[in-house]
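In what follows, every chain begins at residue 1, and chains take the letters A, B, ... in the order their sequences are listed.
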Number of protein chains: 2
Amino acid sequence: MLSHRNINELVDRYISTSFSVAKRAENLVKCQIGDDLTNDQHYMLRYIYKAQECTSTELADVFEVKRSAITAIINRLWEKGLIERTRDEKDRRVVYLSLTKNGAELFARTEERIYKLVESLIKKFDQKEIEQFMETYEKLDRVLLESKYKQEE
Amino acid sequence: MLSHRNINELVDRYISTSFSVAKRAENLVKCQIGDDLTNDQHYMLRYIYKAQECTSTELADVFEVKRSAITAIINRLWEKGLIERTRDEKDRRVVYLSLTKNGAELFARTEERIYKLVESLIKKFDQKEIEQFMETYEKLDRVLLESKYKQEE
DNA sequence: CTTTAATAATTAAACTGTTTAACTATTTGA
DNA sequence: TCAAATAGTTAAACAGTTTAATTATTAAAG
């Protein structure tokens with residue numbers, strides 16, 4: 001059982017580590033991406049690349065932001081010529097988003113560099129350690145989700 | 001040894017979990033904070049509360065942003081009456097930042113609620129699991145730091 | 001000493017990402 | 001057929017960020 005003091009220490013330790021890891025990972029990824037894209041824009045390309053085709057509503061659900069925030073990001077990517085918008089002929093309210101040839105190439109090129117980076121980092125950990133870490137991390141994710149539902153009651 | 005495919009899967013898994021955990025933690029913390037502060041503002045109060053007194057330059061170093069970004073945040077907190085600015089009498093370039101009575105009370109009140117939240121969450125994990133997780137997390141932090149230095153060469 | 005450097009902080013302009021609220025266009029369904 | 005729902009956009013406003021210029025002050029070199 002953790003004491004009051006231990007809990008406070010743990011909170012501080014978790015906050016400072018998660019802040020630091022997020023910041024450093026962000027900076028390293030930013031170095032691979034270059035100046036053409038922000039990290040958020042790159043994550044957006046990543047999702048669309050993997051989905052091949054998706055809608056603003058889907059992106060808003062996935063990234064947990066309002067649709068108008070998606071419109072803003074997609075507009076910026078569209079202005080850079082990385083994204084295509086195609087109206088659904090059957091339901092003309094719907095706009096499908098996909099990467100242009102340029103967009104897909106840029107993403108693939110960047111992803112290759114990120115892959116190499118991760119490959120070099122991952123060597124420092126053994127597989128069991130990684131597995132254990134990810135399991136706890138995913139458990140934390142589930143616990144936070146439950147807590148959210150409990151709080152909404 | 002991890003295969004190409006395993007590395008790609010791990011990257012996806014890590015990205016989606018860290019995104020989700022960060023988002024959910026942020027939302028839960030936001031619920032405890034209320035509408036008076038943003039999460040970033042709360043983190044700023046936290047640091048100043050613990051430091052008791054600090055400068056803009058110190059905050060810029062800690063949070064890894066430019067000093068002008070700190071000025072902007074501090075101005076907003078100052079307008080809310082949560083922060084005090086005191087000029088150093090010996091070196092009149094320096095401005096010391098500290099919490100006002102109101103600021104310290106607001107922080108303490110909020111922190112109490114966050115503490116209770118964490119206490120309830122932490123029960124789901126045993127101490128050994130937490131310790132193992134934090135050790136790997138901190139190791140990741142160190143590995144990212146080394147990688148940054150290596151890249152700068 | 002005095003002039004030049006450096007330092008601490010701020011300001012202004014510009015940008016990204018975000019929300020809320022209003023609006024357009026289209027489809028659903030009572 | 002017409003009111004309600006849905007998909008998406010637009011506009012205004014705000015937080016947080018950077019870069020570049022500015023002010024005030026101190027340190028240091030000659």
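- Using Watson-Crick or G-U wobble geometry with both donor-acceptor distances under 3.5 Å, dT26(D) finds no partner in any strand shown.
- Every residue was checked against the side-chain hydrogen bond (donor to acceptor under 3.5 Å, both in side chains) condition with Glu53(A), not counting sequence neighbours, and none meets it.
- Toward the 5′ end of DNA chain D lies the nearest nucleotide of Lys80(B), the other residue of the pair Glu64(B) and Lys80(B) mapping further downstream.
- For Glu26(A), there are no salt bridge (Lys or Arg N to Asp or Glu O under 4.0 Å) partners, not counting sequence neighbours.
- Here the P atom of nucleotide dT19(C) and the CG atom of Asp35(B) are 14 Å apart, to the nearest Å.
- Remark: Lys101(A) engages Glu105(A) in a salt bridge (Lys or Arg N to Asp or Glu O under 4.0 Å) (not counting sequence neighbours).
- Between Lys80(B) and Asp36(B), no side-chain nitrogen of the basic residue sits less than 4.0 Å from a carboxylate oxygen of the acidic one, so the salt-bridge criterion is not met.
- In this entry the distance linking CD1 of Ile74(A) with P of dT16(C) reads 14 Å, nearest Å.
- Legend: residues meeting side-chain hydrogen bond (donor to acceptor under 3.5 Å, both in side chains) with Arg76(B), ordered by chain and number and at least two apart, are absent.
- Every residue meeting the salt bridge (Lys or Arg N to Asp or Glu O under 4.0 Å) condition with Glu131(B), not counting sequence neighbours, appears here in chain and number order: Arg13(A).
- Here the range on DNA chain D touched by chain B, meaning any atom under 4.0 Å from one of its heavy atoms, is dA15(D) to dT26(D).
- Legend: residues meeting ring-ring contact (aromatic ring centres under 6.0 Å, His included) with Tyr96(A), ordered by chain and number and at least two apart, are absent.
- Not counting sequence neighbours, Asn27(A) has no partner by the side-chain hydrogen bond (donor to acceptor under 3.5 Å, both in side chains) test.
- Take Glu135(A) and apply the side-chain hydrogen bond (donor to acceptor under 3.5 Å, both in side chains) test, not counting sequence neighbours, and it matches no residue.
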> In B/S/- notation, 5' to 3', how is nucleotides 20-30 of chain C contacted by protein heavy atoms closer than 4.0 Å?
Replying inline: B----BBS---

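- A salt bridge is absent between Lys128(B) and Asp126(B): the closest approach of a Lys/Arg side-chain nitrogen to an acidic carboxylate oxygen does not fall below 4.0 angstrom.
- The CG atom of Asn27(B) sits 13 Å away from the C1' atom of dT18(C) (whole-angstrom rounding).
- Annotated as syn: dA5(C), whose glycosidic dihedral is within 90° of 0.
- Residues from residues 40-59 of chain B that place a heavy atom under 4.0 Å from any atom of DNA chain C, listed by number: Thr55(B), Ser56(B), Thr57(B).
- For dA5(C), there is no paired base (Watson-Crick or G-U wobble, both distances below 3.5 Å).
- In terms of position along DNA chain C, the nucleotide closest to Arg85(B) lies nearer the 5' end than the nucleotide closest to the other residue of the pair Val65(A) and Arg85(B).
- With sequence neighbours excluded, the residues forming a salt bridge (Lys or Arg N to Asp or Glu O under 4.0 Å) with Glu129(A) are Lys139(B), listed by chain and number.
- Separating the CD atom of Glu26(B) from the C1' atom of dT18(C) is a distance of 11 Å, rounded to the nearest angstrom.
- Across all strands shown, Ile70(A) has no heavy atoms under 4.0 Å from either base or sugar-phosphate atoms.
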